[in-house]
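Everything on this sheet refers to the single structure shown next.
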Number of protein chains: 2
Amino acid sequence: MATIKDVAKQAGVSVTTVSRVLNGTAPVNIKTKEKIMQAIDTLQYSPSIMAQGMRTKKSKTLGVLVPDYMNPFYHELFKYIEDAVRQEGYHMLTISTQEEVEDENSYITDLVNRNVDGIIVCSYKGEKETITYLLQLAKTMPVIFLDHFDIKQSINAVFTDGYNGIKEVTKHMIDKGHKNIAFIRPPVRYQVANDRYEGYKDAMQVARLPVNEELIYEGNYHIESGYAAAKYFLTQAKVKPTAIVSATDLMAIGAVNFIKSQGLSMPEDIAVAGYDDIYISKLMTPPITTYRQPIAQMAQTAVQIFIHKINHPTANNRQVMLAGHLMVRRSTDRDKPQVEKIVYK
Amino acid sequence: MATIKDVAKQAGVSVTTVSRVLNGTAPVNIKTKEKIMQAIDTLQYSPSIMAQGMRTKKSKTLGVLVPDYMNPFYHELFKYIEDAVRQEGYHMLTISTQEEVEDENSYITDLVNRNVDGIIVCSYKGEKETITYLLQLAKTMPVIFLDHFDIKQSINAVFTDGYNGIKEVTKHMIDKGHKNIAFIRPPVRYQVANDRYEGYKDAMQVARLPVNEELIYEGNYHIESGYAAAKYFLTQAKVKPTAIVSATDLMAIGAVNFIKSQGLSMPEDIAVAGYDDIYISKLMTPPITTYRQPIAQMAQTAVQIFIHKINHPTANNRQVMLAGHLMVRRSTDRDKPQVEKIVYK
DNA sequence: GTGAAAGCGCTAACAC
DNA sequence: GTGTTAGCGCTTTCAC
């Protein structure tokens, strides 16, 4: 790998001058500039991001922390964040905690040690230690949460309205005539996505339907737990639900899988709905009713906040709640098609 | 962020000594060591990966280049590579070319500029320029291809036997009595996965079945193209196929989607099979017959080669072809269940 | 067992 | 417009 020194030598100038044409930090004689460009080209020079970061404490990189590489929600996020970030001349650096509870912070530190210029945080849990650490970090660099956290301090956050989202989904079930509506909730000990649980309860209460503890199952965000939830509801619960609302699509898919394995049909025997609208949901049979998170828009908004904060470090933190959208499909509505119309390019 | 200097000052020693306990490069008095550990702890010190990389030209990082963040195949890969790499004390840094044909090399350069210690390359295309660049890079650091490339030079590569894989899938269709078997192939201009096409043709020839050009559709690896392929086969081709073999599961899923939208059933009206065994395939209705790539094993093998090459830079390059496995499911076999039994944790 | 000093590749004063 | 110099945080001779 050629260094800036090599380029300087080749072009017969000082490294400073090379740096100047590289960064446009000061005017350079057009002739010299050409010579330098020439040298850069023949040497196939490209500046070391590490050395640059070393000096400037910047790396033109946005770190993205997710809990899990296998969740489709994050793939879509990656794609859109990367797209947005690239347009701004930045790179994306992803890291997954693989849900290793013990030390979420060390992954964040890893990002920091790579001199990322900011961090987008997605989390299943939102543990106190992590939040504290991130809050401290936020004094140094932009930190944007992509989840709903009930935090007193000022933070940047982008999220959809999980409370009203699930409330709407639940209300949709109620409108369909369901009374025994089960809910697959996120882990109790994590505060993330708790608002979805609240949305479920409130929708029930508004309709004067009892919230039956037996019809609440604690999932863990994975397909398997949705499967287990449905199994529990259909084989163990004393009151059999006629509808299942899941806090996430992935768990809803697990539930759908179990229900199909029992030879039951949706929505006739039991209705199922999720939250997220990951792209698999509409490919399933039946296609799954869900509450669409506008992932592209979320990603773009988060990146905008990041960029703005980079350029205006003293800018106020922003919480942006984006509107989601109920997507009614066959899993709850027999009038919808067995195969979802998909807009193909 | 505390630096090594801060730690040294706090512990009343030189930075050299701190570095020594950090890296265990030389014996340090147990008492001094304790003081230093103490300081590291209170200052929450953690070395800058950039500065380290600067000096050592290493970063304890393995770069992974993929063409597309939305393909489930790569998510599984990410997960397993990350797992394997972490065990060795390394990090994974992913980058996606988002299929921007123009300049695949710049993404690789980006990885290099971050001082990655090696690169795992997945590609849809395998353009000549990219290969040339990577071959050159391979002189400097471990480069491992996770695709089958028909390259004369010595390279590291891990892949499944696409030729025999698709041959087996096609033969499976033939055994089921199909004669007009269509094939969704990868883009002609990309040399990657061409072996799968060869496998299809040879399987047909072995069975003395004609390879009908009209039943070959050129896909682009995306769901949409599988949908388009099926649409073409069923509405435009003069000879209607009774079976479709797809070079990838994702395209097979697109085909399944179109077929279902026509109210046709699989495998009765038409049989469909793919290649990869991404986790969605078995969740589909019907579950899709496919040829399983042992992704976890591929990831582990690639990481092993990487680590070995790091420790023995002069080690020979290795090509590892892993055995895949035909997974017969309902989309080709009416005796299989409508819902695939999935092993839940 | 420990420290001083050089230097990795780069940028940013500061001179000229 | 251009070059000299210092220094980012770290590791690594080379002394002691």
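Below, all heavy atoms of this structure are taken into account, side chains as well, without hydrogens, waters or symmetry copies. By convention in this document, chain letters (A, B, ...) are assigned in the order of the sequence lines, proteins followed by strands, and residues within each chain are numbered from 1.
Of the residues in residues 2-11 of chain A, not one comes within less than 4.0 Å of DNA chain D through any heavy atom. Near DNA chain D, defined here as any heavy-atom distance below 4.0 Å, the residues from residues 28-51 of chain A are V28(A), N29(A), T32(A), listed numerically.
From the 5' end on, the contacts that DNA chain C makes with chain A at under 4.0 Å to a non-hydrogen atom open and close at dG9(C) to dA13(C).
Distance, R55(B) CZ to dG9(D) C1': 11 Å, rounded to whole Å.
Among pairs with a residue in residues 62-82 of chain A, those fulfilling salt bridge (charged side-chain N to carboxylate O under 4.0 Å, His left out) read K79(A)-D83(A), E82(A)-R86(A), at least two apart in sequence or across chains.
Neither side chain, S96(A) nor Y107(A), offers a donor N or O lying under 3.5 Å from an acceptor on the other. Remark: the N113(B) side chain and the S46(A) side chain contain an N/O donor-acceptor pair separated by less than 3.5 Å. A donor atom on one side chain and an acceptor atom on the other are found under 3.5 Å apart for T17(A) and S14(A). Under the 3.5 Å distance criterion, with hydrogens and angles disregarded, no donor-acceptor pair is assigned to the side chains of Y190(B) and S123(B).
Using a 4.5 Å heavy-atom cutoff, the side chains of F145(B) and C122(B) are not in contact. Residues Y69(B) and F78(B) form a side-chain contact, since some pair of their non-hydrogen atoms from C-beta on lies under 4.5 Å apart.
With sequence neighbours left out, V21(A) forms a side-chain contact (heavy atoms from CB on, under 4.5 Å) with V28(A), K33(A), I36(A), M37(A). Residues that satisfy the side-chain contact (heavy atoms from CB on, under 4.5 Å) test with K9(A), not counting sequence neighbours, are absent from this structure. Applying the ring-ring contact (aromatic ring centres under 6.0 Å, His included) rule to Y45(A) yields no partners; only residues at least two apart in sequence or on another chain are considered. Qualifying side-chain contact (heavy atoms from CB on, under 4.5 Å) partners for T130(B), counting only residues two or more places apart in sequence or in other chains: E104(B), N105(B), I108(B), E127(B), L134(B).
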Only pairs under 3.5 Å count here: list side-chain donor-acceptor contacts from residues 297-309 of chain A, not counting sequence neighbours, and write none if there are none.
residue, atom, partner, partner atom, Å
T301(A), OG1, Q297(A), O, 2.6
K309(A), NZ, A315(A), O, 2.6
K309(A), NZ, N317(A), OD1, 3.0

Side-chain atoms of residues 55-63 of chain B: list all donor-acceptor pairs with protein atoms under 3.5 Å, sequence neighbours left out, distances to 0.1 Å.
residue, atom, partner, partner atom, Å
T56(B), OG1, Q52(B), O, 2.7
T56(B), OG1, K58(B), N, 3.2
T56(B), OG1, K58(B), O, 3.4
K57(B), NZ, M54(B), O, 3.3
S59(B), OG, T61(B), OG1, 3.4
S59(B), OG, N115(B), O, 2.4
T61(B), OG1, R114(A), NH1, 3.1
T61(B), OG1, R114(A), NH2, 2.9
T61(B), OG1, S59(B), O, 2.7

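Phosphate proximity of dT11(D) to T56(B): absent, as no side-chain N or O sits under 4.0 Å from OP1 or OP2. Between K57(A) and dG9(D) there is a side-chain N or O to OP1 or OP2 distance below 4.0 Å.
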Test log, rule side-chain contact (heavy atoms from CB on, under 4.5 Å), inputs I120(B) and L65(B): CA-CA 6 Å; I120(B) 290 180; L65(B) 183 79; over 6 Å; no
Quick one: which protein N/O atoms are closer than 3.5 Å to N/O atoms of nucleotides 13-15 of chain D? Pair and distance per line, please.
none

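Between V15(B) and N23(A), the residue whose closest nucleotide on DNA chain C is further toward the 5' end is V15(B).
By the 6.0 Å contact criterion, CG on N316(B) is open, its count of non-hydrogen atoms from other residues, nucleotides or ligands being 12 or less.
The bend of the helix from dG1(C)-dC16(D) to dC16(C)-dG1(D), defined by the angle between the axes of its first five and last five pairs, stands at 40° to the nearest 10°.
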